[in-house]
Trainee: 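Handing you a structure now.
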Number of protein chains: 2
Amino acid sequence: MTVQTQATLAVSTVIFALRPDAESDFKTLWLPLVRRTREPFLDQWALPGGGLPADEELATAAARTLRETTGLTPKYLEQLYTFGDPGRSPGGRVVSVVYWALVESGEAALAVEGGNVEWFPADRLPELAFDHNRIVEYALWRLRTKVEYSRIAHAFLGETFTLAQLRDVHEAVLQKPLDPANFRRTVESSGTVVDTGERVAGARHRPPRLYRYNDSVRSVDLGPLGPSIG
Amino acid sequence: MTVQTQATLAVSTVIFALRPDAESDFKTLWLPLVRRTREPFLDQWALPGGGLPADEELATAAARTLRETTGLTPKYLEQLYTFGDPGRSPGGRVVSVVYWALVESGEAALAVEGGNVEWFPADRLPELAFDHNRIVEYALWRLRTKVEYSRIAHAFLGETFTLAQLRDVHEAVLQKPLDPANFRRTVESSGTVVDTGERVAGARHRPPRLYRYNDSVRSVDLGPLGPSIG
DNA sequence: TAAGTAAAGGTCAGTGTGACTCTAACTGGT
DNA sequence: ACCAGTTAGAGTCACACTGACCTTTACTTA
């Protein structure tokens with residue numbers, strides 16, 4: 001006796017990784033897309049996602065469909081927006097709860113590339129199915145303007161990292177060079193990272209310190225539920 | 001032949017207005033709640049909202065249900081978050097796309113108060129139906145921390161306003177006093193308001209200028225679609 | 001006409017940031 | 001064994017922004 005609306009509920013995920021890019025001075029943001037295997041938009045590229053099962057939490061469904069289609073496990077996952085225009089999908093109406101996620105480079109390399117999954121640079125995408133181009137556009141904007149992006153940058157990195165690596169992430173997201181000295185000053189005084197005491201060996205220069213993300217400094221802009229995946 | 005999930009889709013709206021408050025030095029945020037007329041949570045207070053009709057845009061449905069139950073037409077309406085925990089509603093699963101809105105004081109006074117609609121101060125709410133307390137909490141946080149809050153403050157005011165009125169809004173949202181001189185400097189140099197050339201008559205002091213919101217300076221954080229109601 | 005009040009315009013000191021310089025510490029090549 | 005090259009990492013300086021505070025202006029009411 002539940003009221004049935006005629007809309008289908010789906011979840012999708014925009015997930016970013018960082019890759020070197022011949023076209024840019026910096027690393028750039030890439031994202032995996034999935035080729036559609038049925039109508040509508042047969043054979044076109046689309047965001048990974050799927051229908052919402054009856055008893056599954058939204059974020060969980062997003063993470064699961066992402067894992068099933070691409071093999072990726074994001075380090076950061078947050079709700080982005082819900083798209084529900086009648087007419088955004090030919091055929092029945094689809095309301096999509098879209099998540100955005102970040103994955104570290106090592107993990108990204110393990111993705112099940114080939115076949116129906118392929119990585120694309122975020123600012124040079126093909127024409128996607130549905131309104132997915134607009135969705136990616138918005139996710140990019142959110143990533144770049146997120147006040148707290150300095151707190152989530154480490155999601156692109158491993159457990160420990162050098163300040164140069166962290167700076168690389170920021171430069172990639174913002175697509176502009178950052179002064180190393182100023183960057184160091186800002187990050188160190190913000191308290192978001194902790195010196196592990198260790199250093200990287202085997203470099204051809206002074207060995208840089210290794211830092212770890214400071215968990216005790218919690219970000220605030222994580223939605224009402226916090227990040228769904230740690 | 002559409003895939004039917006077993007979830008019901010609904011929209012709700014958290015809408016704020018500004019009111020004088022005996023408990024506070026500043027005006028405070030108030031919001032209208034609706035008494036439920038059926039199970040679950042019969043007779044408890046809840047956010048205005050309703051089911052999503054098959055062919056209605058999400059924001060439009062939010063605005064319509066708000067108007068139908070409270071008589072309010074918001075000046076600002078933006079998507080807040082989508083809540084979809086299985087178990088957030090006893091009975092069938094409900095996925096709620098929640099909007100948050102602002103209404104100017106004059107409009108707020110016209111609301112169909114009494115009966116099943118009543119205004120409550122945002123920080124002293126009764127126990128609400130479903131997870132609505134948490135939703136209001138999050139909407140409050142969004143309002144207060146919104147980087148662009150200076151751009152939406154005028155949604156509480158009429159077409160023209162004095163800087164003192166605008167300052168009142170900011171003080172109410174932030175619940176702390178602001179230096180009039182510094183406030184003026186910041187606002188004037190930001191370009192968000194325009195001097196109309198007119199002044200308010202009949203005050204018991206130097207007559208203040210009337211300002212108008214500068215439409216050409218558009219906010220950026222309006223979601224992928226921009227504000228749904230102008 | 002004096003008193004009271006808020007608008008409106010200013011000063012000043014502290015803070016954070018960008019641009020830049022300089023030194024330290026390592027490696028690889030000769 | 002030493003020099004050249006490289007990056008880490010510390011420091012300096014000027015400038016913009018902000019909070020606190022002061023002064024003047026313009027109006028109303030008693």
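Hydrogens, waters and symmetry mates play no part in the numbers below; they use all other heavy atoms, side chains included. By convention in this document, chain letters (A, B, ...) are assigned in the order of the sequence lines, proteins followed by strands, and residues within each chain are numbered from 1. Just so it is clear, the model here is predicted, and its values are computed rather than measured.
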Trainee: Can you name the side chain to side chain donor-acceptor pair (under 3.5 Å) partners of A:Asp195, sequence neighbours left out?
Mentor: A:Arg209

Trainee: For A:Leu166 and D:dT7, what is the distance between atoms CG and C1' respectively, to the nearest whole Å?
Mentor: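 Computing the A:Leu166:CG to D:dT7:C1' distance gives 17 Å.
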
Trainee: For nucleotides 3-5 of chain D, tabulate all protein N/O to nucleotide N/O atom pairs closer than 3.5 Å, reporting atom names and distance.
Mentor:
| unit_1 | atom_1 | unit_2 | atom_2 | d |
| --- | --- | --- | --- | --- |
| D:dG5 | N2 | A:Arg204 | O | 3.4 |

Trainee: Rounded off to whole Å, could you give me the CD-to-C1' distance for the A:Glu188 and D:dG9 pair?
Mentor: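 Those two atoms, CD and C1', are 8 Å apart.
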
Trainee: Among all residues two or more places apart in sequence or in another chain, which pass the ring-ring contact (aromatic ring centres under 6.0 Å, His included) test with A:Phe130?
Mentor: A:Phe41, A:His132

Trainee: Whole angstroms only, please: what is the CZ-C1' distance between A:Arg209 and D:dA10?
Mentor: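 For the pair A:Arg209 CZ and D:dA10 C1', the rounded distance is 11 Å.
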
Trainee: So, B:Asp21 and B:Arg124, do they make that salt bridge, N to O below 4.0 Å?
Mentor: yes

Trainee: Measure the distance from CG on A:Leu178 to P on C:dC20 and round it to the nearest whole Å.
Mentor: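 The distance from CG of A:Leu178 to P of C:dC20 comes to 15 Å, rounded to the nearest Å.
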
Trainee: Who passes side chain to side chain donor-acceptor pair (under 3.5 Å) against B:Glu23, sequence neighbours left out?
Mentor: none

Trainee: Residues two or more places apart in sequence or in another chain: which of them pass side chain to side chain donor-acceptor pair (under 3.5 Å) with B:Glu68?
Mentor: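 B:Glu68 satisfies side chain to side chain donor-acceptor pair (under 3.5 Å) with B:Arg64 once adjacent residues are dropped.
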
Trainee: Quick one, B:Glu159 with B:Arg212, criterion salt bridge (Lys or Arg N to Asp or Glu O under 4.0 Å). Give me CA distance, side-chain angles, the key distance, then yes/no.
Mentor: CA-CA 6 Å; B:Glu159 181 68 15; B:Arg212 184 187 309 279; 3.2 Å; yes

Trainee: Do the side-chain N or O atoms of B:Arg199 get closer than 4.0 angstrom to the phosphate oxygens (OP1, OP2) of C:dA8?
Mentor: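 Result: yes.
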
Trainee: Could you run down the sub-3.5 Å N/O contacts of the protein with nucleotides 16-23 of chain D?
Mentor:
| unit_1 | atom_1 | unit_2 | atom_2 | d |
| --- | --- | --- | --- | --- |
| D:dG19 | N7 | B:Arg185 | NH2 | 2.9 |
| D:dG19 | O6 | B:Arg185 | NH1 | 3.3 |
| D:dA20 | N7 | B:Asn182 | ND2 | 2.9 |
| D:dA20 | N6 | B:Asn182 | OD1 | 3.2 |

Trainee: Under the side-chain contact (heavy atoms from CB on, under 4.5 Å) rule, collect the residues that match up with A:Ala172, sequence neighbours excluded.
Mentor: A:Leu18, A:Lys27

Trainee: Under the ring-ring contact (aromatic ring centres under 6.0 Å, His included) rule, collect the residues that match up with A:Trp30, sequence neighbours excluded.
Mentor: none

Trainee: Round to a whole Å and report the spacing from CZ of B:Arg167 to P of C:dA7.
Mentor: 6 Å

Trainee: Only counting residues at least two apart or in another chain, list the ones meeting side chain to side chain donor-acceptor pair (under 3.5 Å) with B:Ser24.
Mentor: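 For B:Ser24, the residues satisfying side chain to side chain donor-acceptor pair (under 3.5 Å) (neighbours in sequence not counted) are B:Gln175.
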
Trainee: If I take atom NE2 in residue A:His170 and atom C1' in nucleotide C:dG18, what distance separates them, rounded to the nearest angstrom?
Mentor: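 Rounded to the whole Å, the gap is 17 Å.
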
Trainee: Rounded to whole angstrom units, what separation is found between the CG atom of B:Leu163 and the P atom of C:dG9?
Mentor: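 Nearest whole value for this atom pair: 10 Å.
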
Trainee: Send over the distance from B:Phe183 CZ to C:dA7 P, rounded to a whole Å.
Mentor: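 Spelled out: CZ on B:Phe183 to P on C:dA7 is 12 Å.
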
